[in-house]
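Notes follow the structure.
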Amino acid sequence: MVRFTGSESSRSSVVARLAAILAEDTAPWRERILKRVAKEVPSFQLSGGLPESDLGAWLDKLEDGVLSRLQHGRPLDVRIFEEFGRAHAQADIPLVDVYAVLWIAFESDWWQLTEAAKGHDIAARDLVEGAEVLWSLARAASASVVDAYRTSAVRRAVERERQTSALFRALLADGFLDPDTTQQSLLALGLDGAKSFALIVARAAPDGEVSALPGIRAKLAESGQRSSWQVDLSETTGLVALDSQRSLAILLQELSRSVVGAVGVSTARAPGEIARAHRQARNAMESAGGRADVVVFGDHFAESVVAAASPAIVDPLVEATLSGLDSLGDDARRSLLETFLSWLDHRGEVSEVARLTYRHPNTVKYRLRRLETLTSRSLKNPADVVDLALAARIALSRGWNVEGAAAK
């Protein structure tokens with residue numbers, strides 16, 4: 001960097017002279033900055049930044065601090081900049097915009113110095129000395145603004161997360177909130193005004209993924225969907241405002257594109273039914289059986305019944321229905337049940353089951369006949385088919401060895 005080679009007193013004199021030049025033009029300087037901010041950083045004001053009067057007052061403080069440093073050598077009062085950083089972190093103004101306003105102010109100082117130097121017989125080497133001091137102040141100010149902004153932003157993020165968690169818990173607690181409090185909670189979550197909502201419960205596949213729906217909030221926002229989410233180590237819970245008739249269809253489309261685990265979705269529910277929607281979504285997720293799939297509550301009646309069934313009630317029924325398979329090994333029992341469920345899923349098309357399982361059609365028919373023989377049930381009898389379907393789904397979903405007890 002070019003250094004001024006005169007004495008210390010000469011350097012101080014030059015810097016003081018430059019400070020005097022800056023002091024001559026304070027009001028126009030402030031107006032120029034306000035105009036530049038309005039033109040170049042519109043989001044600063046549109047996002048709820050300091051009103052023009054407050055920003056002007058802050059600029060006055062900034063200029064007083066700079067002049068005090070240049071004229072008298074006093075240390076820069078970083079509290080001015082810390083206040084600026086904190087105020088805009090609390091107003092959720094992007095840091096890049098806050099930084100832009102700060103540098104517009106210092107650039108304006110530099111422009112004012114260079115213009116004034118032309119008419120005040122200031123040598124270039126003296127101007128360099130003033131610039132060194134000015135930009136040293138700019139660096140210190142920037143560091144103070146950024147540190148204060150980040151500290152405040154982290155605190156706000158933690159507090160916002162606590163508030164969001166509390167609001168979620170309250171909304172999901174059945175019968176806990178009255179209508180007015182429900183609306184206030186939805187307003188705080190940014191979901192006010194919607195007449196209906198969908199609740200999502202997702203569980204990541206056991207492959208290291210933190211969320212079953214990575215990036216889902218941003219993806220929904222891109223398609224105009226308002227949502228709020230809670231993520232913990234085991235589950236992701238989302239509440240989505242259904243603002244139009246197509247909202248649910250758009251939601252399901254985005255979920256299908258993002259899913260990496262079991263995802264359950266409720267039907268559209270009114271604000272006062274969010275707790276009920278949560279139960280629906282959880283049941284739908286459980287009915288997915290751990291596979292990476294999006295299941296809407298009510299789409300698969302049998303799976304939903306299986307997911308909601310009480311073990312104390314249904315376990316003895318499953319044992320009685322499938323007791324004829326006790327003599328088989330684990331693999332043989334599982335192959336009979338899986339073949340039967342595949343046959344159900346494909347509307348009794350033996351050829352389709354054979355194609356998907358890479359087996360001969362006669363093998364599929366043999367397994368189905370053997371299941372009938374061992375369970376004393378007929379696949380031509382609808383009532384028997386219903387009993388076997390529920391028993392098979394419960395047995396497989398719970399890891400049963402079909403010997404009367406769950407696998408341990």
Okay, side chain of Ser108, backbone of Ile104: is any donor-acceptor separation there less than 3.5 Å? yes
Spacing of Leu379 atom CG and Asp384 atom CG [to the nearest 0.5 Å]: 8.0 Å
Measure the shortest side-chain to side-chain distance between Leu325 and Leu337 over non-hydrogen atoms and say whether it is less than 4.5 angstrom. yes
Counting distance only, does the side-chain N/O of Gln280 pair as donor-acceptor with the main-chain N or O of Val265 below 3.5 Å? no
Can you tell if the side chain of Ile200 reaches within under 4.5 Å of the side chain of Ile216, non-hydrogen atoms only? no
When you measure from the side chain of Tyr99 to the backbone N and O of Val146, does any donor-acceptor pair fall under 3.5 Å? no
Apply side chain to side chain contact (heavy atoms under 4.5 Å, CB included) to Thr237 and Val231, showing your working. CA-CA 6 Å; Thr237 305; Val231 180; over 6 Å; no
Check ion pair Arg377-Glu372 (N to O, under 4.0 angstrom): no
Could you walk me through whether Ser247 and Ser244 pass side chain to side chain donor-acceptor pair (under 3.5 Å), step by step? CA-CA 5 Å; Ser247 292; Ser244 70; 3.1 Å; yes
Can a donor-acceptor pair be found, under 3.5 Å and without considering hydrogens, that links the side chain of Ser258 to the backbone of Leu255? no
Set of salt bridge (Lys or Arg N to Asp or Glu O under 4.0 Å) partners for Arg246, sequence neighbours left out: none
Between OG1 of Thr151 and CZ of Arg156, what distance do you get to the nearest 0.5 Å? 14.0 Å
For side chain to side chain donor-acceptor pair (under 3.5 Å), just list the numbers for Trp229 and Ser227, CA-CA rounded to whole Å, side-chain angles, deciding distance to a tenth of an Å, and then say yes or no. CA-CA 7 Å; Trp229 296 83; Ser227 64; 2.8 Å; yes
Are any of the side-chain heavy atoms of Arg347 and Glu352 separated by less than 4.5 Å? no
Gln245, CD atom: more than 12 neighbouring heavy atoms under 6.0 Å: no
When rounded to the nearest 0.5 angstrom, what is the spacing between CG in Leu371 and CH2 in Trp343? 9.5 Å
Would you name the heavy atoms of Ser142 and Trp103 that are closest together and state the gap between them? OG-NE1, 3.1 Å
For atom CG of Asn362, decide whether the heavy atoms of other residues, nucleotides or ligands shown that lie under 6.0 angstrom number more than 12. yes
Correct closest heavy-atom pair for Ile33 and Ala105 would be CD1-CA, 3.6 Å
Mind listing the closest non-hydrogen atom pair of Asp387 and Thr321 along with its distance? O-CG2, 4.2 Å
If you take all heavy atoms of Ala89 and Ala153, which pair is closest and at what distance? CB-N, 4.0 Å
Could you tell me whether the side chain of Ser335 reaches within less than 4.5 Å of the side chain of Glu338, counting heavy atoms only? no
Residue pair Arg279 / Phe297, side-chain heavy-atom distance below 4.5 Å: no
What class does the angle between the rings of Phe106 and Trp135 fall in, given that below 30° is parallel, 30 to 60° is tilted and above 60° is perpendicular? tilted
Give a yes or no on whether a salt bridge exists between Arg203 and Asp293, defined as a side-chain N under 4.0 angstrom from a carboxylate O. no
Residues Arg36 and Glu107 bridged, charged N to O under 4.0 Å: yes
Would you compute the distance between atom CD of Gln230 and atom CZ of Arg169 and round it to the nearest 0.5 angstrom? 7.5 Å
Distance, nearest 0.5 Å, that separates NE2 of His88 from CG of Leu95: 11.5 Å
With no hydrogens and no angle check, is any side-chain donor or acceptor of Ser144 less than 3.5 Å from a backbone partner on Glu82? no
Using modelled atom types and a 3.5 Å cut-off, is there a donor and acceptor pairing between side-chain atoms of Glu254 and backbone atoms of Leu251? no
Is the count of non-hydrogen atoms from other residues, nucleotides or ligands lying under 6.0 Å from Arg150 atom CZ greater than 12? no
Is there a donor-acceptor pair closer than 3.5 Å between any side-chain N or O of Arg226 and the backbone N or O of Gly190? yes
Rounded at 0.5 Å granularity, tell me how far CZ in Arg367 sits from OG1 in Thr339. 4.0 Å
Closest contact, heavy atoms only, Ala284 versus Val295: CB-O, 3.3 Å
Is any side-chain heavy atom of Ile274 closer than 4.5 Å to a side-chain heavy atom of Arg269? no
Does any non-hydrogen side-chain atom of Leu199 lie less than 4.5 Å from one of Val240? no
Find out whether Val263 and Met285 are in side-chain contact, i.e. whether some heavy atom of one side chain is under 4.5 Å from a heavy atom of the other. no
What heavy-atom pair brings Phe197 and Pro271 nearest, and what distance separates the two atoms? CE1-CG, 3.6 Å
